[in-house]
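What follows is a short report on a single structure.
In listed order, ligands and their atoms are each counted from 1.
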Amino acid sequence: MRPLIRTARCWLLRARVRAMATLPMASPAAAIPSSATRPVASPSSRSHRPLTRFFSVAPAPVGAKGLRAAASAVEVGGVKIAREDVVKEDDPTNNVPDTIFAKIGLQLHRRENHPLGILKNTIYDYFDKNFTGQFDKFDDLCPLVSVKQNFDDVLVPSDHVSRSYNDTYYVDDQTVLRCHTSAHQAELLRDGRTHFLVTGDVYRRDSIDSTHYPVFHQMEGFRVFSPDEWSGSGLDGTAYAAAELKKTLEGLARHLFGAVEMRWVDTYFPFTNPSFELEIYFQDDWLEVLGCGVTEQEILKRNGRRDHVAWAFGLGLERLAMVLFDIPDIRLFWSNDKRFTSQFSEGKLGVKFKPFSKFPPCYKDMSFWINGAFTENNLCEVVRGIAGDLVEEVKLIDNFTNKKGMTSHCYRIAYRSMERSLTDEEINNLQLNVREAVKDKLKVELR
Ligand code: FA5
Ligand code: MG
């Protein structure tokens, strides 16, 4: 299991900040008003200084199907996004590769027959049943947001690690691909919303394994309470909101899973206090499925809800869907293979996925002397740029420093297709290209 501590990095460093109301001015997208205040149709209708610049643009990944033609544009929530709006090879403040641009606008969570769409709608059902008509739902908000929305508005300190170019995809120094759906909290509060659910694709530079992917989906929940709601409870506002939050999420877990082993873990987020994570027992391990807590007063005060309290949560849809549908690898969610897509249909939560192929992984090791700028996230991005979704895991297996003070890392790369067997020749070629790219882009010395 990954140590819990690892996830703390998500919310435990650096960017210039400029105040910005909604969408970034630098992007053509900014010309179009934010769709933030337009809820999706009701679910009942179901229609419902940069650390370093490491490399510019990755080559098209081998085997990554459906890479969009470089020049085309997509539309999200009424905002047109063209490749040149997000991939800027000559801009040192941009670190978005083509493999990431290719995912924008796919919106897996809006496909009714996709595990993520089925899960989203089942969560909507829970809120509709228990809080009739109270929660406004948004699932089409533009993932291009300002640094202010993504970080400042939710009190992320200026030196917080999540702000680094190593962790977040920057379109320019004031615009990011949102790394969490919490980026929309402040805007929706200012719009007068008190109960809302925001579902969307989020983007993070991260390591590679079966439960981490650089694009995944989150659902944000937010509920504001006014003083008259807790005054008779004998509790203070914070304790009342925390109790309501746990009750709501435990109810949601039961609605989704029936009986499942779960536990609460205390944690830290800049925007909530107290803060918790919910973990579910899966594949012989505890899997973190959501973060939540009682919203910091400062956020409510700044956005028109002084003297109120609120709870908020952000759940990882893939993580929950992996448990519910028995999906063993997070890459499968992106598969267009009929043998995957045909197994799921609207309204059918928890149908167990039947693996259609069991090809063994193929392991290749590579060792190199690292330099001061080396990070594992950069390595993973280079590997993903070459091998696309054929890379299953990148794992540090050896690490030592010699007498001259040079540090060597040995990484084991697991290659595996979910859909077909790979030939030796194909894997050897991939590994050769990976080695070249790692040497060129990360300026490390191969051993
Ligand atoms: C957040 O993103 C907070 N914004 C959540 C939150 C919202 C807390 C509101 C409090 C109030 P975190 O970085 O832990 O927290 O991510 C939330 C969930 O997203 C995780 O529990 C996990 O289920 C999922 N997740 C995180 N990283 C990945 C990844 N690389 N791939 C897939 N799922 C991920
Ligand atoms: Mg977390």
Side-chain angles (χ1 to χ4, degrees), residues 2-12 100 103 108-109 116 119 145 149-151 153-156 160-163 167-169 177-186 188-189 196-223 241-242 245-246 248-249 253 262 264-280 282 286-296 299-300 310-324 327 329-334 376-377 380-381 384 393-394:
R2 291 185 163 267
L4 275 178
I5 266 317
R6 182 186 178 284
T7 59
R9 84 90 182 122
C10 298
W11 293 107
L12 272 180
I100 292 296
K103 300 285 197 255
L108 302 179
H109 61 284
L116 300 183
L119 173 57
V145 300
Q149 287 172 295
N150 199 73
F151 296 121
D153 282 354
V154 285
L155 314 178
V156 176
H160 193 280
V161 69
S162 64
R163 290 189 185 240
D167 283 40
T168 291
Y169 288 105
L177 285 166
R178 68 182 163 216
C179 69
H180 57 172
T181 43
S182 304
H184 300 289
Q185 283 186 6
L188 290 168
L189 275 172
F196 53 86
L197 300 171
V198 179
T199 313
D201 34 317
V202 302
Y203 298 77
R204 293 186 193 178
R205 301 185 83 236
D206 212 332
S207 51
I208 298 181
D209 66 26
S210 65
T211 61
H212 289 78
Y213 200 80
V215 188
F216 60 100
H217 297 77
Q218 284 189 339
M219 186 188 288
E220 192 86 1
F222 202 98
R223 181 179 180 190
L245 172 66
K246 286 191 169 172
T248 302
L249 289 173
M262 52 181 152
W264 288 105
V265 179
D266 289 336
T267 190
Y268 162 81
F269 295 103
F271 29 88
T272 49
N273 187 18
S275 305
F276 316 100
E277 280 171 346
L278 183 64
E279 296 187 345
I280 287 184
F282 175 60
W286 289 102
L287 182 68
E288 178 204 324
V289 297
L290 65 86
C292 63
V294 177
T295 300
E296 283 286 358
I299 296 178
L300 295 172
W311 59 237
F313 65 79
L315 54 84
L317 289 182
E318 277 85 349
R319 297 280 180 87
L320 287 170
M322 288 176 85
V323 181
L324 286 162
I327 296 175
D329 191 299
I330 199 164
R331 291 173 296 167
L332 279 162
F333 290 101
W334 300 93
E376 195 169 302
N377 283 357
C380 287
E381 191 127 285
R384 190 108 60 183
E393 188 169 29
V394 176

(message) Quick check on Gln218 - does any of its heavy atoms sit under 4.0 Å from an atom of ligand 1?
(response) yes
(request) Consider ligand 1: state whether an atom of it lies below 4.0 angstrom from any non-hydrogen atom of Thr295. (result) no
(request) Flag Arg204 as yes when one of its N or O atoms lies below 3.5 Å from any N or O atom of ligand 1, and as no otherwise. (result) yes
(request) Measure from NZ or CZ of Arg384 to the centre of the six-membered ring of Tyr213, then state whether that distance is under 6.0 Å and the direction lies within 45° of the axis. (result) yes
(request) Could you tell me whether the side chain of Leu188 reaches within less than 4.5 Å of the side chain of Phe222, counting heavy atoms only? (result) no
(message) According to side chain to side chain donor-acceptor pair (under 3.5 Å), who are the partners of Gln218, at least two apart in sequence or on a separate chain?
(response) Thr181
(message) Between Glu220 (side chain only) and Ser182 (backbone N and O only), is there a donor and an acceptor less than 3.5 Å apart?
(response) yes
(message) Taking 4.0 angstrom as the limit and counting only heavy atoms of Leu290, give me the atoms of ligand 1 inside it, by number and element.
(response) 21 (O)
(message) If the cut-off is 4.0 Å to any non-hydrogen atom of Thr272, which atoms of ligand 1 fall inside it?
(response) 10 (C), 11 (C)
(request) Verify whether the ring centers belonging to His180 and Phe269 lie closer than 6.0 Å. (result) no
(request) Check for a donor-acceptor pair, side chain of Thr168 on one end and backbone N or O of Ser162 on the other, with a separation under 3.5 Å. (result) yes
(message) Treating Arg204 as the side-chain partner and His212 as the backbone partner, does any N or O pair qualify as donor plus acceptor under 3.5 Å?
(response) no
(request) Could you tell me which atoms of ligand 1, counted from 1 in the order shown, lie closer than 4.0 angstrom to a heavy atom of Val289? (result) 21 (O), 23 (O)
(message) Checking side-chain polar atoms at under 3.5 Å, does His184 have a donor or acceptor matched by the opposite partner on Arg178?
(response) yes
(message) Looking at Val215, is its backbone amide N or carbonyl O close enough to the side chain of Asp201 to form a donor-acceptor pair, meaning the two atoms are under 3.5 Å apart?
(response) no
(request) Ignoring angles and geometry beyond distance, decide whether His180 reaches within less than 3.5 Å of ligand 1 through its nitrogen or oxygen atoms. (result) yes
(request) Identify, by atom number and element, the atoms of ligand 1 in contact range of Ala312, meaning under 4.0 Å from any of its heavy atoms. (result) 9 (C), 11 (C)
(message) Within ligand 1, which atoms have a heavy atom of Cys292 less than 4.0 Å away?
(response) 8 (C), 10 (C), 11 (C)
(message) Would Asp206 count as being in polar contact with ligand 1, using the rule that some N or O on each side must be under 3.5 angstrom apart?
(response) yes
(message) I'd like to check whether Glu288 has a polar contact with ligand 1, where a contact means an N/O of the residue lying under 3.5 Å from an N/O of the ligand.
(response) yes
(message) Quick check on contacts: which atoms of ligand 1 are under 4.0 angstrom from a heavy atom of Ile330?
(response) 31 (N), 32 (C)
(request) Look at ligand 1 and say whether Thr211 reaches it with a heavy atom at a distance under 4.0 Å. (result) yes
(message) What I want to know is whether Phe269 and ligand 1 share at least one N or O pair that is separated by under 3.5 angstrom.
(response) no
(message) Rounding to 10°, state the angle centred on the Mg ion (ligand 2) that links OE2 in Glu288 with OE2 in Glu277.
(response) 80°
(message) Give the atom numbers and elements of ligand 1 that come within less than 4.0 Å of a heavy atom of Phe313.
(response) 7 (C), 9 (C)
(message) Would the distance check show the side chain of Arg319 and the main-chain N or O of Leu290 forming a donor-acceptor pair, the cut-off being under 3.5 Å?
(response) no
(request) Output all residues satisfying side chain to side chain donor-acceptor pair (under 3.5 Å) with His109, sequence neighbours left out; order by chain, then residue number. (result) none
(request) Give the contacting part of Ser182 toward ligand 1: side chain, backbone, both or neither, where contact means a heavy-atom distance below 4.0 Å. (result) side chain
